[in-house]
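Report on one structure; see the data block that follows.
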Amino acid sequence: MNTPLPEHLQGSATLLEPINQTPKRKLYLESYGCQMNFSDSEIVASILQQNGFETTREILEADVVFLNTCAIRDNAEQRVRNRLQELKSIKRRRPGMVVGVLGCMAERLKSKLLEEEQLVDIVAGPDAYRDLPQLIKTVEGGQKAVNVLLSREETYADVAPVRLDSNGISAFISIMRGCDNMCAFCVVPFTRGRERSRNPESIVAEAQDLFEQGYREVTLLGQNVNSYLWTGGGLKKDNPTEDELKNATTFAQLLAKVAEVNPLLRIRYSTSHPKDMGNDVLETMAKYPNICKYIHLPVQSGSSTVLERMNRGYNRAWYLERIAAIRHYIPDCGISTDVIAGFCGENAEDHEATLSLMEASGFDFAYMFKYSERPKTLAERKFADDVAEEEKTARLNEIIALQNKLSQKSNEQDVGKTMEVLVEGPSKRSPEQHVGRNTQNKVVVFPKGETQRGQYVRVKIDACTSATLMGHLID
Ligand code: SAM
Ligand code: SF4
């Protein structure tokens, strides 16, 4: 059994036993930030595996150490910088060890990282992973190596990810890269480049392959999955021709194709953008029982004024209408969100609007953040970061307290219900209990009985906290 890693190390490599006598070089990978980074690390591991590396969990035996970094908020960057300091002493003990910074910080800080952090040998952006074997060679030849070029085409469609730290049941499939949205607070369009969709055939083939390996749940990943559009490759076209659209695959169509791989394969997806969340997707979700009844729909703010300043492309009324549409098509749908407290110019009334929207939407879960100004973004260039730090903290705390109440209420409504749960494995608290998720993405814990990982079981819910449902098996 794999011991679960702390959140900041998710995506870190597991130790693989050598399968032949030729000693392979060892790669140690640490991933920070979002699921997309986790998924990218699996692509990196695959590319290096093709080039004579195997992954290790022991940093002290690594020949190459990669940190796959996140730049979304300042504290994410600080964590990586602190980790780089820690790596200094390890590198002193292993001077030949190659250290690379990958991902969003790489693109943002480029060669600055090489100058400031003398121990960094490689800086590689999210579209440069095929170049990593070459970059390692450059370092072994005595030079530092940088590739932060962003691509118009790269989707790594042909790279079969090496599943890292996997429970063998759930896996991520990246369906697109980059983002064209330019939300005023967000650094992603600068670090990950323009939006590109991946060939649907390769996505379906990856899902099929995972199912055959015993996986029972896939999450289709992208920064704005509703905007997925395959018209033959390359950048997303603003105005596709009629001919291109005739042969195109939309996100709703992609969902249906993946759902048809096998009724026993559950499908999830993340992240949806409210401005692009169309009824075609909701209809498809309602039609296929194996598409999970769960939507992550980040709202960011409940105030139309703030949403406009954020350049989100929708207002409060639009968002609430989308929530109503979800409830209409999928009455039992789980809904979660992202909220930012203290964006530029947010006043007390705007904050109240966020709280009232949360109540009105009845979110089951939320990721909640204080606004953190990011270099190059529209907000940094146009608006003052003018909400005082203490005020941001106070508003965030109110948002968290309200969400705890909403999550508790949502879970209490499930007590007494019987639901289907996909078993993921032993719970952290007790080997006698199994943990899994229901279709709404809620965590369910129950005495394991004879159940196995990857099995669908029926559980009757007896009790709950705001984070977990507890129940017992029903035959
Ligand atoms: N593409 C997704 C979307 O549009 O919802 C999510 C992208 S981002 C990785 C995840 C979340 O981080 C965002 O939804 C937002 O709430 C938060 N976020 C992004 N930039 C931020 C910033 N500068 N300060 C605080 N939170 C931020
Ligand atoms: Fe950032 Fe907005 Fe794109 Fe999400 S949709 S990645 S928040 S720019």
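Indexing begins at 1, ligand by ligand and atom by atom, following the structure's order.
A donor and an acceptor atom, one from each side chain of Gln213 and Asp209, are located under 3.5 Å apart. Thr377 and Glu380 share no donor-acceptor pair across their side chains, judged by distance under 3.5 Å alone. Ser174 and Ser39 form no side-chain donor-acceptor contact under 3.5 Å, judged by distance and modelled atom types alone.
When hydrogens are left out, the protein atom nearest atom 20 (N) of ligand 1 is Phe185 CD1, 3.3 Å; that is the closest non-hydrogen contact. Of the protein's heavy atoms, Arg312 NH1, 3.3 Å lies nearest to atom 4 (O) of ligand 1. Ranking the protein heavy atoms by distance from atom 22 (C) of ligand 1 puts Ser372 O, 3.6 Å first. The protein non-hydrogen atom at the shortest distance from atom 19 (C) of ligand 1 is Ile72 CG1, 3.5 Å. Looking only at protein heavy atoms, the nearest one to atom 6 (C) of ligand 1 is Gln223 OE1, 4.0 Å. Scanning the protein for heavy atoms near atom 18 (N) of ligand 1, the closest one is Arg73 NH1, 3.4 Å. Taking atom 5 (S) of ligand 2 as the reference point, the nearest protein heavy-atom neighbour is Asn181 ND2, 3.3 Å. From the protein, the heavy atom lying nearest to atom 5 (O) of ligand 1 is Pro298 CG, 3.0 Å. The protein atom (non-hydrogen) at minimum distance from atom 10 (C) of ligand 1 is Asp338 OD2, 3.7 Å.
A salt bridge (Lys or Arg N to Asp or Glu O under 4.0 Å) with Asp127 is found for exactly one of Arg152, Arg196, Arg194, namely Arg196. Here the options are Arg437, Glu217, Arg268, the test is side chain to side chain donor-acceptor pair (under 3.5 Å), and the partner is Ser170; only Glu217 passes.
Contact annotation: for Asn224 versus ligand 2, there are no heavy atoms closer than 4.0 Å. Contacts with ligand 1 closer than 4.0 Å are made by side-chain heavy atoms of Gln300 only, the backbone lying farther away. Looking at Glu380 against ligand 1, nothing comes within 4.0 Å, counting heavy atoms. Contacts of Phe369 with ligand 1, taken as heavy-atom pairs under 4.0 Å, involve the side chain alone.
For CZ of Arg81, the number of neighbouring non-hydrogen atoms (other residues, nucleotides, ligands) closer than 6.0 Å is greater than 12.
Every atom of ligand 1 with a heavy atom of Lys370 under 4.0 Å away is listed here by number and element: 24 (N), 25 (C). Heavy-atom contacts of Cys179 reach the following atoms of ligand 2: 3 (Fe), 5 (S), 6 (S), 8 (S) (cutoff under 4.0 Å). For ligand 2, the atoms closer than 4.0 angstrom to any heavy atom of Met182 are 8 (S). Near Gln223, meaning under 4.0 Å from any of its heavy atoms, are these atoms of ligand 2: 6 (S). Heavy-atom contacts of Arg374 reach the following atoms of ligand 1: 23 (N) (cutoff under 4.0 Å). Those atoms of ligand 2 that come under 4.0 Å of a heavy atom in Pro189, given as number and element, are 8 (S). Set against the non-hydrogen atoms of Arg312, the atoms of ligand 2 under 4.0 Å away are 2 (Fe), 7 (S). Taking a cut-off of under 4.0 Å to the non-hydrogen atoms of Cys186, the atoms of ligand 2 that pass are 1 (Fe), 6 (S), 7 (S), 8 (S). Of all atoms in ligand 2, numbered sequentially from 1 with element shown, those under 4.0 Å from a heavy atom of His273 are 5 (S).
Expressed to the nearest 0.5 Å, how far CZ of Arg83 lies from OH of Tyr32 amounts to 5.0 Å.
The shortest heavy-atom distance from Thr271 to ligand 1 is under 4.0 Å. Ligand 1 lies less than 4.0 angstrom from a heavy atom belonging to Ile340. No heavy atom of His296 sits closer than 4.0 Å to any atom of ligand 1.
Taking the six-membered ring for Trp and thresholds of 30 and 60 degrees, Tyr319 and Phe363 have ring planes more than 60 degrees apart, a perpendicular arrangement.
Both tests pass for Arg73 against the ring of Phe369: distance under 6.0 Å to the centre and angle within 45° of the axis.
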- [ ] With side chain to side chain donor-acceptor pair (under 3.5 Å) as the test, would you mind laying out the steps for Ser227 and Asp276 before giving the verdict?
- [x] CA-CA 6 Å; Ser227 147; Asp276 296 316; 4.8 Å; no

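At a threshold of 2.8 Å, atom 2 (Fe) of ligand 2 has a backbone or side-chain N, O or S atom of Cys183 nearer than that distance.
Note on Glu346 versus Lys392: no salt bridge recorded, every NZ/NE/NH1/NH2 to OD/OE distance being 4.0 Å or above.
The closest side-chain heavy-atom distance from Asn315 to Glu308 is not below 4.5 Å.
Closest approach of Met182 to Asn311, counting heavy atoms only: O-ND2, 2.9 Å. Contact record, Ala360 with Leu320: CB-CD2, 4.1 Å, taken as the closest heavy-atom pair.
With hydrogens and angles disregarded, no donor-acceptor distance shorter than 3.5 Å links the side chain of Arg216 to the backbone of Leu422.
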